Amino acid sequence: MVSLAPFIVKRPWLHKLMMPISKWYVNAAGYRKMGLRYDDLYEEEREAVQIALKRLSPKEAYERVYRIRRAAQCSYQHKLLPKNEWINDQTDVPYLAPIIKQVEAELAEKDALDAATVIRKAH
Amino acid sequence: MISRAALARNAQQAVRRSWAARPAQQRTLASAASSSGAFETSDGSGLKVASRDSHGPTTKLAIVAKAGTRFQPLPGLTVGLEEYAFKNTQRRTALRITRESELLGGQLASSHTREALILEASFLRDDLPYFAELLAEVVSMTKYTTHEFHEEIEPVLRIKQNNFYNNVAALALDNAHSVAFHTGLGSSVYPTPSTPSKKYLNEEYIASFADAVYTKPSLALVADGASSQDVSKWVGQFFNDVQSSAQSGQKFDATATKYYGGEQRTTHTGGNAMVIAFPGSAYTAPKPEVAVLAALLGGKSTIKWSTGYSLLSKATSDVVGLNVSASNIPYSDAGLLAVQLSGPAASVRAGAEATVKSLESIANGSVPKEEVAKAVANAKFNALDATQLREPSLHLVGSGIVNTGKAYEPASLVQGIEKVSAESLKNAAKALLEGKASVSSVGDLFLLPYAEQLGLRV
């Protein structure tokens with residue numbers, strides 16, 4: 001997947017310029033109004049995400065399930081949460097992304113080692 | 001089709017080549033013989049290092065830490081630390097460590113005893129720098145991550161624990177230790193399955209235990225098959241990160257061991273085993289009589305196709321399916337002279353009765369002089385052979401260094417063994433029978449005898 005994000009983050013002036021747009025976009029996406037964090041949206045069908053979910057602490061895992069069920073309930077009822085329960089910038093913390101990143105690095109290393117070629121030094 | 005003549009010619013050439021190669025081989029053998037079998041000890045920036053060079057093509061490098069089950073503050077920490085060896089470190093992942101060692105043809109292992117935790121690497125001589133760095137990294141930079149604990153360590157631990165608790169012989173020996181020494185040396189080598197493991201064993205406790213025991217004063221680096229210059233060079237380079245005292249300031253020192261004695265009986269469906277144990281000989285104050293007594297009781301034939309000279313193998317030669325062996329299990333400040341029996345319940349009972357009878361016959365002085373002479377020779381061989389073989393000598397030297405500050409030397413024990421006479425053996429056996437024994441039986445308790453029935457005091 002090609003992403004422009006690293007390109008933008010590297011340039012402070014551009015980063016500053018894009019911030020309001022990104023904020024607007026996040027709010028427009030609407031997941032925060034249903035009480036979800038961004039990390040609750042990762043598709044669970046990937047191997048790395050499955051492993052990462054198992055590595056969550058019991059408290060984090062419980063809260064994640066609670067948020068998802070609350071959002072599902074909102075969806076059935078065609079309602080949004082009351083405004084004071086919305087997720088905001090402070091509470092939308094990445095709790096899963098770092099673990100996914102770590103698991104992906106592990107898997108990539110495994111693949112790389114499986115495909116390694118040994119070059120013997122000449123004696 | 002290859003003609004017979006061609007084959008014969010090849011064979012002749014091979015023979016001639018091997019003759020030509022002889023002088024070179026003889027030279028290496030001669031140089032191996034010229035180096036003494038003792039370990040040289042040195043102090044590399046606070047870390048005690050022992051090395052021995054046999055000029056062979058392979059090397060074994062081991063870290064012996066004073067972190068056996070005797071020193072653990074909570075049950076299972078030693079085992080947890082053993083399982084965390086060669087897992088993710090700050091520099092590389094467990095997988096990379098495994099794959100790299102495989103590519104170099106090395107073997108990594110970790111194990112523990114009651115007194116020591118041993119991390120060892122065996123490899124080709126040229127790869128010393130790589131494995132020295134690896135061992136230093138394991139000791140100083142392991143991450144002790146939560147997910148490894150849950151994904152890799154806990155399941156393996158459960159399996160090993162079940163394995164241990166289904167092995168009646170190991171269980172009987174463990175119980176004998178616990179009745180003999182209660183806490184410290186008596187604590188179980190594996191946490192019992194009924195120990196509330198959640199309460200005592202987690203990655204944070206293991207990490208703080210590691211912080212306390214992976215410090216320079218409680219570590220010894222033992223190298224077999226590497227020259228002392230090489231070892232000290234690489235130790236100086238790689239072992240600087242090993243801390244010289246615990247960051248938390250914790251210290252787990254053992255209290256002096258006291259012998260109690262007693263009896264423990266456990267039912268078990270997995271077989272029958274008994275251990276009859278008496279206070280034995282320690283590293284620091286070796287009792288030569290105990291070593292000779294263990295050899296004289298024996299149980300296992302040392303010569304093929306014969307029952308051997310030992311009292312137990314002669315007395316139990318017609319008992320079906322019995323496995324019996326007597327040995328002294330030494331620790332730094334105590335030891336256990338243990339006769340281990342396993343097999344069918346009736347045979348174990350017969351073996352236990354024979355054990356006590358044999359001991360009584362030694363105490364009566366009714367053992368012929370030449371049997372004693374054989375036992376003296378055998379005990380001397382066993383003591384010296386342990387320091388010669390790679391595996392036991394690494395353990396002996398490492399435990400000696402971490403517990404007493406100097407490498408184990410068999411010289412005083414061997415001199416003592418040579419002086420043992422039938423008279424001193426008789427007195428030693430008498431003292432053992434008059435003192436308290438430690439008896440543990442596991443299995444079919446209907447058939448296995450009580451210590452009282454055997455005529456032992458507990």
Side-chain angles (χ1 to χ4, degrees), chain A residues 1 6 36-69 90-123, chain B residues 24 57-59 83-84 86-108 123-131 133-134 137 141-158 196-199 201-207:
Chain A
M1 201 177 73
L36 290 172
R37 294 183 186 175
Y38 182 74
D39 280 8
D40 297 336
L41 308 180
Y42 279 105
E43 68 275 37
E44 287 185 13
E45 286 79 5
R46 269 162 57 206
E47 193 193 358
V49 182
Q50 279 296 316
I51 298 172
L53 284 176
K54 287 202 187 103
R55 290 187 187 178
L56 286 177
S57 69
K59 184 170 180 284
E60 275 173 339
Y62 178 88
E63 285 177 356
R64 173 192 161 84
V65 172
Y66 173 75
R67 284 192 304 271
I68 291 173
R69 294 195 69 164
Q90 280 73 46
T91 47
D92 196 357
V93 282
Y95 65 97
L96 191 60
I99 307 179
I100 294 178
K101 218 170 166 185
Q102 183 195 332
V103 173
E104 275 173 347
E106 275 171 28
L107 294 176
E109 188 188 29
K110 185 166 185 287
D111 287 343
L113 284 170
D114 281 344
T117 48
V118 182
I119 301 164
R120 296 219 178 270
K121 275 186 286 179
H123 284 293
Chain B
T58 61
T59 303
E83 297 299 325
Y84 259 117
F86 309 110
K87 289 279 184 290
N88 287 358
T89 68
Q90 315 277 10
R91 286 206 196 126
R92 49 192 153 168
T93 60
L95 182 71
R96 186 168 286 278
I97 290 174
T98 314
R99 293 292 172 86
E100 283 179 353
S101 313
E102 275 176 358
L103 281 176
L104 293 173
Q107 295 170 352
L108 305 175
F123 46 87
L124 296 173
R125 200 181 170 90
D126 294 342
D127 299 327
L128 177 65
Y130 176 84
F131 286 96
E133 186 185 11
L134 176 62
E137 206 177 299
M141 285 184 213
T142 300
K143 273 183 179 167
Y144 305 104
T145 55
T146 312
H147 71 267
E148 278 175 314
F149 183 74
H150 293 308
E151 288 170 18
E152 284 160 40
I153 290 168
E154 258 183 336
V156 173
L157 208 71
R158 292 274 167 279
S197 59
K198 286 256 158 52
K199 195 162 132 197
L201 189 62
N202 63 36
E203 68 285 357
E204 284 165 37
Y205 291 164
I206 294 175

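Quick note: numbers below take in every heavy atom, side chains included, and nothing from hydrogens, waters or symmetry partners. Naming convention: chains lettered A, B, ... in sequence-line order (proteins, then strands); numbering from 1 in each chain. Source: prediction; values computed, not measured.
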Would one find more than 12 heavy atoms of other residues, nucleotides or ligands at under 6.0 Å from atom [atom1] of [X]?
X	atom1	result
A:Y95	OH	yes
A:R46	CZ	yes
B:F123	CZ	yes
A:E47	CD	no

**Item:** Residue pair A:R55, B:E151: steps toward the side-chain contact (heavy atoms from CB on, under 4.5 Å) verdict
**Value:** CA-CA 9 Å; A:R55 290 187 187 178; B:E151 288 170 18; 2.9 Å; yes
**Prompt:** Mind checking whether A:D114 and B:R99 have side chains closer than 4.5 Å, heavy atoms only?
**Reply:** yes
**Message:** Return the CG to CD distance between B:L95 and A:E109, rounded to the nearest 0.5 Å.
**Reply:** 5.5 Å
